[in-house]
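A short worksheet on the structure shown next.
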Amino acid sequence: MLAIGLLLWTAWQNVETNLAVRKLALGFDFLRQEAGFGIPFTIIPYGETDTYLRVFLVGLTNTILASILGIILATILGFVIGIARLSPNWAVAKAALIYVETVRNLPLLLHVLIWYNVAIRSLPPARQALGLFDSIFLSNRGIFVPSLQIGLGWGPLAIVAGVSTLSVVAILRHARRRRDETGQGAAVALPIALTLAATSFVLAAWGGVGISWPALQGFSFSGGMALSPELAALVIALAIYNASFIAELVRGSIEAIGKGQREAAASLGLDRAKILKLVIIPQAMRVLVPPLTNQYLHLVKASSLATVIGYPDLVNVFVGTSLNQTGRAIEIMTMTMLVYLSLSLLITGLSNLYGHRIRIVER
Amino acid sequence: MSAIASPNPAANRASRYHARSLVTWARANLFARPIDVMLTTGIALAAIVLIWAVLPWAILDATWQGSTRADCRPDAACWAFIINRSGQFIYGFYPAAERWRVDLVFLAFAMALLVLLNRRLPGKQAAAVFLILVFPILSYMLLHGGIGGLARVTTEKWGGLSLTILLGVAGIVVSFPIAIVLALGRQSEMPVLRWASVGYIEICRGLPLIAVLFMARILLPYAFPSGTEFDPLALAVVGIILFESAYLAEVFRGGLQAIPKGQVEAASAIGFGYWRTAIYITLPQMLRMVVPGVVNNAIALLKNTTLVVILGLFEVLNIVAAGAADPDWLGLHAEGYIFVGLVFWSLCFGMSRYSQRLERDMRSAERS
């Protein structure tokens, strides 16, 4: 104990002298300084004259974008493969097994580099881009997809979206209460369709709505939304790698449901699809949610591999470039830690909320 | 994909039907419903197309011998690149005449591991003491040299697969004792010690490894007298140990919590103090329980060692990239990645099989 204490004290003394030598005081005033370097891919507007605070926000939003895309794709792929692992069809089950065992035993960085250096580089240049339905274009300059253009400011847009979401939720709740109280279902399709139609009308009439299609112009595409090769490689690799783990979690949670449940449901006369939808999956979700949350946390942290291929995520622009330029190690590491901590807490919180909703109601 | 039968239905049915005939088996397991016919045909077609595309590229038309890229066919794999550079991929820039030292270190490690993991061999305690206390120092002296007539080989010459495995081994071996202390600290009744352990573990687990490596590179120099020169390899090892000890500590904590309370109570009933209880009662039981968890952690760590590229180290993935940047072999990324992939895959797959078997054995031992 004493030895460790002495060691830490010496280390702290060294930190103090080192800070004094470099004339650095602890403090967050550097966030207001001009950063002076460019960032190739940003969601929020950014220029070289912006401050380090802006750099931090750019990195944060880029990390969140890659994480969200990765989580969505990994979940879809993981569920499909996990269910395929249990298919009575031998070929399907074996194909899923081969996928899982191949993918999860390779380093994630290798996945990222293969997608970045081999797969995306071997796509044709923008002029001969591979077009899917003339709306999605794959090229070695990135992936170009159509984007929605809404002529409203963020504030009014949030209000319209909020009102619309609330109405749909209210319709669904009303239908469920009616079913619980009277046993009769209420029509939901028509009211929801009417709400969505009204929403679109308001959006179109108020600010104008359009879809911007990517089109070849010169050597690259204009219009639409461009996913840079770095983002595309990162998201694809994150999705494919994490899907193999999610697939195993899904398989495990379905296998954890007792055989009696399936047999009882079958004896009630439910068919296979209904057994899966009404009996197996709701129970399996309870087993699945905690480890799935852990996997999401892994994915968010793993998105920092972006640094290696140069996608400007938080670690790349803030812990990398900004730290190099300012030398504010302690402040920057603290902020980064807080970001990952809050992202973890956010994901855990959402998962607890969901876990609470699907818990067993004991009487 | 609506069909989910009892666990592992294919195997059950296979054993039942296989005796009768292959056709019956195929009808039950491949073509049971119309959708199965479609899925099976689709997968078979995909497999054929894949083999059709890959086989000529990878084997039939591939070039195995040559001294530059010009000797290879442009439309097929160029394995001459891998074969030509295999020395560098394994040993990095380690001088060819000194490579026996690397071999010796790995031989010693493999033998100690064999004694530890094989149930029938005696001398587990000696092997464990050797691995944790003697091996790190011995291998550093042997690899770095400069004493006893061995030529000095500075760390920037280390690289390749041997560096990857070295980082993984160092990460696990050095983290082991630290993680035990952290796990005990987290269970301790002294609040200062407990909060320090919890804080350390949660901070390191909350950050991505890349950020921890950056942290080691930039924060560590602040904690030493100014002017101290830092070896990037040392920084990488420190970063990996910081990270790994936190994860291992959680595995150990799980093991400690699984020990029945009666064990500790019985120990204190016969007059054992804290340390004697830990050394003779709880730690030995815990260590046996956590082996699968440690192996799983080792798999994750081995895959993660590739991240040291950001410190400029030439571990196997980076040395392949360097090879593919050589004008003689420009752009042969795919071949290099396939080579690295095969190496990682065999190591990780082997370890995960071992850990699965261990878990199965432990479950059946518990039941009997």
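Naming: A, B, ... by sequence-line order, numbering from 1 per chain. The figures that follow rest on heavy atoms only: side chains count, while hydrogens, waters and symmetry mates do not.
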Picking from [options], which has the most non-hydrogen pairs under 4.5 angstrom with chain B?
options	answer
A/L108, A/I114, A/L341	A/I114
A/V118, A/L110, A/V319	A/L110
A/K277, A/K94, A/M333, A/K301	A/K301

Just how far is it from atom [atom1] of [X] to atom [atom2] of [Y], taken to the nearest 0.5 Å?
X	Y	atom1	atom2	result
B/I310	A/L305	CD1	CG	9.0 Å
A/T102	B/W345	OG1	CH2	7.0 Å
B/L39	A/N89	CG	CG	6.0 Å
A/N105	B/R353	CG	CZ	9.0 Å
A/Y340	B/I203	OH	CD1	15.5 Å

So for [X], is it side chain, backbone, both, or neither that comes closer than 4.5 Å to the heavy atoms of chain A?
X	answer
B/L317	side chain
B/R205	backbone
B/L30	both

**Item:** Heavy-atom pair count under 4.5 Å with chain A, highest-scoring of B/E202, B/H333, B/R217
**Value:**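 Going by pairs under 4.5 Å, I would pick B/H333.
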**Request:** Assign the ring pair B/Y247 / A/H298 to parallel, tilted or perpendicular, where the plane angle (0 to 90°) is split at 30° and 60°.
**Result:**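 B/Y247 and A/H298: tilted rings.
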**Prompt:** Do A/N117 and B/Y337 touch side chain to side chain, with heavy atoms closer than 4.5 Å?
**Reply:**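 A/N117 vs B/Y337: side chains touch.
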**Prompt:** Where along residues 319-326 of chain B does a heavy atom come under 4.5 Å of chain A, listed by residue number?
**Reply:**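 None at all.
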**Item:** Passing option when A/L109 is tested against B/V340, B/N318, B/L307, B/N304 for side-chain contact (heavy atoms from CB on, under 4.5 Å)
**Value:**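 In the set B/V340, B/N318, B/L307, B/N304, the residue that makes a side-chain contact (heavy atoms from CB on, under 4.5 Å) with A/L109 is B/L307.
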**Request:** Write down the atom of A/A91, the atom of B/T40, and the distance for their closest heavy-atom approach.
**Result:**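 Looks like CB-CG2, 4.1 Å.
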**Asked** If you take all heavy atoms of B/I210 and A/S304, which pair is closest and at what distance?
**Response**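 Scanning both residues, the minimum pair turns out to be CD1-O, 3.5 Å.
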**Request:** Might you work through the side-chain contact (heavy atoms from CB on, under 4.5 Å) test for B/F214 and A/L323, ending with a clear yes or no?
**Result:** CA-CA 10 Å; B/F214 270 120; A/L323 183 45; 5.6 Å; no
**Request:** Taking B/K303 for its side chain and A/R104 for its backbone only, find out whether a donor-acceptor pair lies under 3.5 Å.
**Result:**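 Yes; at least one donor-acceptor contact below 3.5 Å.
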**Prompt:** Counting heavy atoms not belonging to B/R194, are there more than 12 under 6.0 Å from its CZ?
**Reply:**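 Yes, because the 6.0 Å sphere around CZ of B/R194 holds more than 12 heavy atoms from other groups.
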